[in-house]
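Data block below; observations after.
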Protein chains: 2
Amino acid sequence: MSPNSPHPAPTLEAVARAAGVSRATASRVVRGDVHVTGPKADAVHRAVVDLGYVPNRAARSLVTRSTDAIALVVPESGDRIFSDPFFATAVAGITERLALIEKQLLLIMAGRGEGPDRIRRFVHGGHVDGMILLSHHEGDPLLEVLAEASVPMVHFGRPPAGRTALFADVDNTEGGRLAGRHLFSVGRRRLALISGSPDMGAAVDRRAGFLEVAATLGAEICAVEEGGFTLSGGEAAMDRLLRSGRSFDGLFAANDLMAIGALRRLHAAGVRVPDDVALIGFDDIAVAGDPINALTTIVNPVQRVGAATVELLLDAIAGVDRSPVIVRDLALRLRRTA
Amino acid sequence: MSPNSPHPAPTLEAVARAAGVSRATASRVVRGDVHVTGPKADAVHRAVVDLGYVPNRAARSLVTRSTDAIALVVPESGDRIFSDPFFATAVAGITERLALIEKQLLLIMAGRGEGPDRIRRFVHGGHVDGMILLSHHEGDPLLEVLAEASVPMVHFGRPPAGRTALFADVDNTEGGRLAGRHLFSVGRRRLALISGSPDMGAAVDRRAGFLEVAATLGAEICAVEEGGFTLSGGEAAMDRLLRSGRSFDGLFAANDLMAIGALRRLHAAGVRVPDDVALIGFDDIAVAGDPINALTTIVNPVQRVGAATVELLLDAIAGVDRSPVIVRDLALRLRRTA
DNA sequence: TTGAAAGCGCTAACAC
DNA sequence: GTGTTAGCGCTTTCAA
């Protein structure tokens, strides 16, 4: 319980002595290096167990210049980040992949607008071997700071236009098309869209795919509102749509959170879903399946994208060249609303 | 972009040379030590900026034996952890307090039943100066492993009975009383309870407070079901309550997630809330305030508890003796359901 | 295959 | 105040 434990942690030196070998040999055995003779290796292993030896990270780091840790940088404030189940799933995908290889995950919340100084100090401080950038917004000065860091970085989600960087993502454009096609296929010809934050790649792409397919199939786009990917944003967007008096019979909300917000407002306004308006979301978060919502949506394999970002980052750290990864398997999940 | 940046990071040695002082002096200035003369200190500061010097953590760590990082250990699987907004808020409270002092947060998910070996290696590896244990369950073997670690630990929430440890928490017993008193005060005399996981302190205490006040005031406890603190657990508990045929007019669900699950089932069963059954939850998570739920609940200052765990831990690391902290200000939030 | 020895970059006595 | 110096615990040539 005391901060100063009674027994100072055993060092490699102690292990070597106990095993009757040199420190170099002990080091080799501990790291699982090849070139190890049977008897001596055994002796070292035994000593490691007996003494409860665990390598000192700092000492190892100092010479290898690597930390076995990676950072998850999230340019959002604390409450915002976890209120969207999307983040939860992303983090789950990342941590699970990382646990397999015993790398540590540092969680860096970089409150938007906070000024990137703290982050700059961090990324230059040699804390981590690489970074995953989670919810990035175009034009965020943080992007510059991170890009200048000396460790590899991969974006979770396509980076803003003009920025070439490694990333893993789903095919959001295709997702937008899928949504549009489905609304068309259930007979809707006057479509509306609640889009996400225009400074995020996912929003831009889903919108583009949706508009494209509407044009191709000959459906009319009656209205577009922005909902910022949040529940309340979705409600507000729906209110504006309702007040505008514009009539439409199909609605695509670019994520489920906004879709659920929209659904509530539609209910409140006495609009029947899907009879009057067919509604489709995006992500398939858990609550989308609640009987009360029963939201038709596009399944977003977020967890697998998370795992993919880790794979990319590990390769980048190892110096292996890779291209961005697009995780396939966007699928339509049919429920009640469309 | 390359893992080997062209310019090797400048060392303290380089700064010292550029400033025309010794390494020791440069070190003192960089660390903001007292004993710094004007001119030399200025020269060092200038050199730091010019060279873009950032101290090497590993080297510093090696000698100071501290890491400026703390771990948040969560004995839950990835999906589970973030699906309860309670966690989100707790994490927000912790990260925000930590950001102020530029300490790093390592997120350690220790999937329940995973076997504590990976964690054992971690806590003995000298990665962090201390730990915060988030959602601990009584009897979890992980607790033993963590308690043996050589760094201080503080529990987020009262530890299981019999375990003496530093913690920060709200007064859950009082919260249970508050809930009971309120139901009584709105005229309910036949009460039911949906409790949390019995291996968690918060569940035990809320239940105890609720039962105590019922006994004191002379209200009858008609039924108790366990809901495991999850939404679906709350639904299932409500189903059992309904099927049991037991009649009651007041219901306390030990967290909002279960309360919302219960509310849905009550609606589905045609039971009017609060007319037939008055319902009160605990936590005041964001969705509790949604018009669709309008849940009367006990406001749980989770974020402040999070900040308090950090304070306690920092003191413990500094060797300052502290007692567990109970954050006051549990308050009743009146909405529609009770 | 093994060992000896030279640091990695920094802090902290200890002298001056 | 400031500089000198001795490590912190580990990895990694280089020789043997």
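The figures that follow rest on heavy atoms only: side chains count, while hydrogens, waters and symmetry mates do not. Chain identifiers are assigned alphabetically (A, B, ...) following the order of the sequence lines, protein sequences preceding nucleic acid strands; residue numbering begins at 1 within each chain.
Partners of B/Arg46 under the salt bridge (Lys or Arg N to Asp or Glu O under 4.0 Å) rule, at least two apart in sequence or in another chain, do not exist in this structure. Residues passing the side chain to side chain donor-acceptor pair (under 3.5 Å) test with B/Ser22, sequence neighbours excluded: B/Thr25. In this structure, the salt bridge (Lys or Arg N to Asp or Glu O under 4.0 Å) partners of A/Glu102, at least two apart in sequence or on a different chain, are B/Arg121. By the side chain to side chain donor-acceptor pair (under 3.5 Å) test, B/Arg60 is found to be paired with no residue, residues two or more places apart in sequence or in another chain being considered. A search for side chain to side chain donor-acceptor pair (under 3.5 Å) contacts involving A/Asp169 returns A/Asn172, not counting sequence neighbours. Residues that satisfy the salt bridge (Lys or Arg N to Asp or Glu O under 4.0 Å) test with A/Arg322, not counting sequence neighbours, are A/Asp315. Remark: B/Thr67 engages B/Asp129 in a side chain to side chain donor-acceptor pair (under 3.5 Å) (not counting sequence neighbours).
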Atom pairs, N/O to N/O, protein against nucleotides 3-6 of chain D, distance under 3.5 Å?
unit_1: D/dG3; atom_1: OP2; unit_2: B/Ser22; atom_2: N; d: 3.0
unit_1: D/dG3; atom_1: OP2; unit_2: B/Ser22; atom_2: OG; d: 3.1
unit_1: D/dG3; atom_1: OP2; unit_2: B/Thr25; atom_2: OG1; d: 2.6
unit_1: D/dG3; atom_1: N7; unit_2: B/Arg28; atom_2: NH1; d: 3.3
unit_1: D/dG3; atom_1: O6; unit_2: B/Arg28; atom_2: NH2; d: 2.6
unit_1: D/dA6; atom_1: N6; unit_2: B/Arg23; atom_2: NH2; d: 3.2

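The aromatic rings of B/His127 and B/Phe122 sit parallel, their planes meeting at an angle under 30°, below the 60° perpendicular limit.
Per the geometry, CG belonging to A/Leu62 stands 10 Å off C1' belonging to D/dT11, to the nearest Å. Summarising the geometry, the separation between CG on A/Asp68 and C1' on D/dT11 is reported as 14 Å, rounded to the nearest angstrom. At whole-Å resolution of the value, CG in B/Asp33 and P in C/dT11 are 10 Å apart. Here D/dG9 presents its C1' atom at 8 Å from CG of A/Leu12, a figure rounded to the nearest Å.
Near DNA chain D, defined here as any heavy-atom distance below 4.0 Å, the residues from residues 43-61 of chain A are A/Tyr53, A/Pro55, A/Asn56, A/Ala59, A/Arg60, listed numerically.
For B/Arg31, no side-chain nitrogen or oxygen approaches OP1 or OP2 of C/dC10 to under 4.0 Å.
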